[in-house]
Amino acid sequence: MAGDDLVARSLAHVWHPCTQLKDHEGEDAAIPLIPVARAEGVWIEDTDGRRYIDAVSSWWTNIFGHRHPHIVERLKTQLDTLDHVMLAGFTHAPAVELAERLARITPGKLSRCMYADNGSSAVEVALKMSHHYWRNQGQPGKTRYIALSGSYHGETMGALAVSGSGMYRDAYAPLLMKPLMVRSPDCALMHDGHGRALGESWEDYSRRAFAQMEEMLARHGHETAAVIVEPLVQCAGGMRMYHPIYLKLLREACDRHGVHFIADEIAVGFGRTGRLFACEWAGVAPDMICLSKGLTGGTLPLAATLTTEAIYQAFHGDYREGRAFLHSHSYTGNPLACTAALATLDILEQRDWMAHNRGVGHLMYTAVQELMDHPHVAEVRQQGMILAIDLAQDGRGLKPFAAEERRGLHVYRHGLKAARSQTGVGAILRPLGNTVYFMPPYVIEPEEIGHLARLAIAGIHSATAD
Ligand SMILES: Cc1ncc(COP(=O)(O)O)c(C=O)c1O
């Protein structure tokens, strides 16, 4: 009863994100609203004691499981000394130590760290910083950005503007600045004559796809401040994956054309792809990197945009020159959030998580082997701790399911319902349209992967039965 009451009160007052709230209404709601009581490790428990594997790491934030004892302990200690102080005119050990440690572990020499409190804001920082840099360098005409189709960089106006997914931006399109869009190097087999051809390797296709980026940079480099990409995996766009060669070519081309390279590693940073940062697969360093989500191990909101000393120096000067970067958020560098991030970095250093993640990722892939020949599975792909399964009318992906059929949602409901069954084990398999995916905390056990795989397979059979 307590749960039902919570749901009713939530529906009366809480505007839940990214949801048609009508879907939550009624006895047989299209998307049941789950009242959560507690969480531990990979498990979320509802108010009736039903348990669900958090297969999507609570929107990809929770990399080491919920309430990790080390993060909890450090947070409690921090709370005894300093809760919050503004970072303008003040500084504190957690913000300083975190900036130092991030500078050490990020690719290249990203020595300067600007904090924000969510991923979208980290992207706003990078976009503004890039244009402002060029302005301070006497090139105020560099006002444009190049982005990839199918990309997602957040939902504030700037971040949304450079996002290529129609679903998120269509309603707001008239309000947004106009980016230069380049076709994504997404290596899924495409059948519209433009994408990867049958038999073409990921590397060959990613190289081929780069030609359009090269052309765009040649034509618009003079008015472009930066190119922004999600390295290796376009997550919200449907876990679309591409070959690292694209990032290598992009780094070279950005240098040639005098354009910044912004790596949005908000979803893929901190080991998700099997390397600490996805850019490492290409051996490249961006001019700016945006971090959030896994940064605090999924405990508190925090984001960071790191850049090079050279970019920072363009903002440095006498007050009267008016060169300063004017960007702030009230909770910039919050001590508690920085402490959670420091604890997360401690855990990351405790063992070789990258080898672990590559191994566990492979386990996830083999656990769903039988789906490879499923008549309604177009592709199963995996990169580190990300596994994605595309559903389609046919096994070759020539005919997608109509979005209105909500096949992916059917799998999600199947995972939730399982918590009410005899096994009592449910899973949170919140899909991206008709793409079902696993992106669990790194600490998931083989047995739990087995549960997930069984639920996903049964859910897919049921979702595609008619
Ligand atoms: C690559 C990427 N960038 C930016 C964001 C936006 O982050 P936030 O939701 O914290 O604003 C997301 C969120 O999913 C993301 O995946």
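Start at 1 and go down the list; that is how both ligands and their atoms are numbered. Numbering starts at 1 and runs along the sequence shown.
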Would you mind telling me if ligand 1 is within reach of the side chain of Glu230, the backbone, both or neither, using heavy atoms under 4.0 Å?
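Looking at Glu230 and ligand 1, just side chain atoms fall under 4.0 Å.
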
Got the closest protein heavy atom to atom 15 (C) of ligand 1, with its distance?
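Sorting protein heavy atoms by distance from atom 15 (C) of ligand 1 puts Tyr152 CD2, 3.8 Å first.
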
Give the residue, atom name and distance (to 0.1 Å) of the protein heavy atom nearest atom 10 (O) of ligand 1.
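Result: Gly119 N, 2.8 Å.
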
Donor-acceptor side-chain pairing of Arg272 and Ser57 below 3.5 angstrom
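Checked: Arg272/Ser57 side chains pair up, N/O donor to acceptor below 3.5 Å.
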
Does a side-chain N-to-carboxylate-O contact under 4.0 Å join [X] and [Y]?
| X | Y | result |
| --- | --- | --- |
| Glu203 | Lys248 | no |
| Asp390 | Arg240 | yes |
| Asp23 | Arg406 | yes |
| Arg251 | Asp287 | yes |

Find all atoms of ligand 1 within a distance of less than 4.0 Å from any non-hydrogen atom belonging to Trp60, and give their numbers and elements.
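Reading through ligand 1 atom by atom, the close ones are 14 (O), 16 (O).
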
Considering the heavy atoms of Ala267, write down every atom of ligand 1 situated less than 4.0 Å from one of them.
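What qualifies from ligand 1 is 16 (O).
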
Candidates Thr344, Thr339, Asp346, Thr299 - the one meeting side chain to side chain donor-acceptor pair (under 3.5 Å) with Arg74
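That would be Asp346; it is the only one of Thr344, Thr339, Asp346, Thr299 passing the side chain to side chain donor-acceptor pair (under 3.5 Å) with Arg74.
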
Short N/O distance, under 3.5 Å, between [X] and ligand 1?
| X | answer |
| --- | --- |
| Ser120 | yes |
| Lys293 | yes |
| Asp264 | yes |

Just to check, does Trp59 reach to within less than 4.0 Å of ligand 1 when the distance is taken from its heavy atoms?
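Under 4.0 Å: no for Trp59.
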
Near His362 NE2, under 6.0 Å, is it more than 12 heavy atoms from other residues, nucleotides or ligands?
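No, because the 6.0 Å sphere around NE2 of His362 holds 12 heavy atoms or fewer from other groups.
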
